Amino acid sequence: GAGVSQSPSNKVTEKGKDVELRCDPISGHTALYWYRQSLGQGLEFLIYFQGNSAPDKSGLPSDRFSAERTGGSVSTLTIQRTQQEDSAVYLCASSLWGPGTGELSYGYTFGSGTRLTVV
Amino acid sequence: AQKVTQAQTEISVVEKEDVTLDCVYETRDTTYYLFWYKQPPSGELVFLIRRNSFDEQNEISGRYSWNFQKSTSSFNFTITASQVVDSAVYFCALAGSGTYKYIFGTGTRLKVLA
């Protein structure tokens, strides 16, 4: 597609429920990132996928969070047993290559995010 | 440890005024990259610029200019003759060489009043 697409744009869920957030990166982009933006905070790195390499999950805040990327394209971020502190905007980004390459000079392309509210 | 500080939480200016957004960073890497992103009300972050640590040349793009000073670990962003469309949250970010995790500042909300 022309840009990074995220769905849903808004999600309200009850505490304790599971949620799935979807990211469609730009076609051909091999690197995909998830960030979380909490109110008044900067963007917090969650996870990174690069091609067929094992993802870097070091930013995931707890084992309730998981993510997968199927076929090197679409990614799903899953939050199990949601808590109120999970409320945030979840942003996905993609880039043509990983870091240390020329693509870094162009930066990431971000989606518009999914606003998650846990009530 | 790497850190990005944007001390200005919110700035309001009147249209046509110049405004500077401050960014101070901390890193022990000798090679690193600095970025500015714009987040308009729609929510999507828009890439504005990247700077390499070994290139201290200032850059101008239309009404936008960036001042990179390694001596003060700062990478400030100036908008000349601001316009209402410049209203957004602006984020400064840092990435070390060979890493892929951007370290973002907390952002500066710019309000340009007509």
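Atom set for the values below is all heavy atoms of this structure, side chains included, hydrogens, waters and symmetry mates excluded. Every chain is numbered from 1, with letters handed out A, B, ... down the list of sequences. Owing to the predicted nature of the structure, the values given are computational and were not obtained by experimental measurement.
Between B:Gly107 and B:Gln6, the shortest heavy-atom distance links the atoms N-OE1, 3.1 Å. Closest non-hydrogen pair, B:Asn76 versus B:Thr20, comes out as CB-CG2, 4.0 Å.
Of the atoms belonging to B:Gln39, it is side-chain heavy atoms, and not backbone ones, that fall under 4.5 Å from chain A. Of the atoms belonging to A:Gln37, it is side-chain heavy atoms, and not backbone ones, that fall under 4.5 Å from chain B. Only the side chain of A:Ser58 comes within contact range of chain B, with heavy atoms under 4.5 Å apart.
Two rings, from B:Tyr25 and B:Phe75, have their centers 6.0 Å or more apart. Close placement of the A:Tyr108 and A:Tyr33 rings is indicated, their centers lying within 6.0 Å of each other. For B:Tyr90 and B:Tyr37, the distance between ring centers is not under 6.0 angstrom.
Between the A:Gln83 side chain and the A:Arg81 main chain, a donor and an acceptor come within less than 3.5 Å of each other.
Sorted by first and then second residue, the pairs that involve residues 60-87 of chain B and meet salt bridge (Lys or Arg N to Asp or Glu O under 4.0 Å), not counting sequence neighbours, are B:Arg63-B:Asp86.
Inspection of non-hydrogen atoms places A:Phe110, A:Gly111, A:Ser112 of residues 110-119 of chain A under 4.5 Å from chain B.
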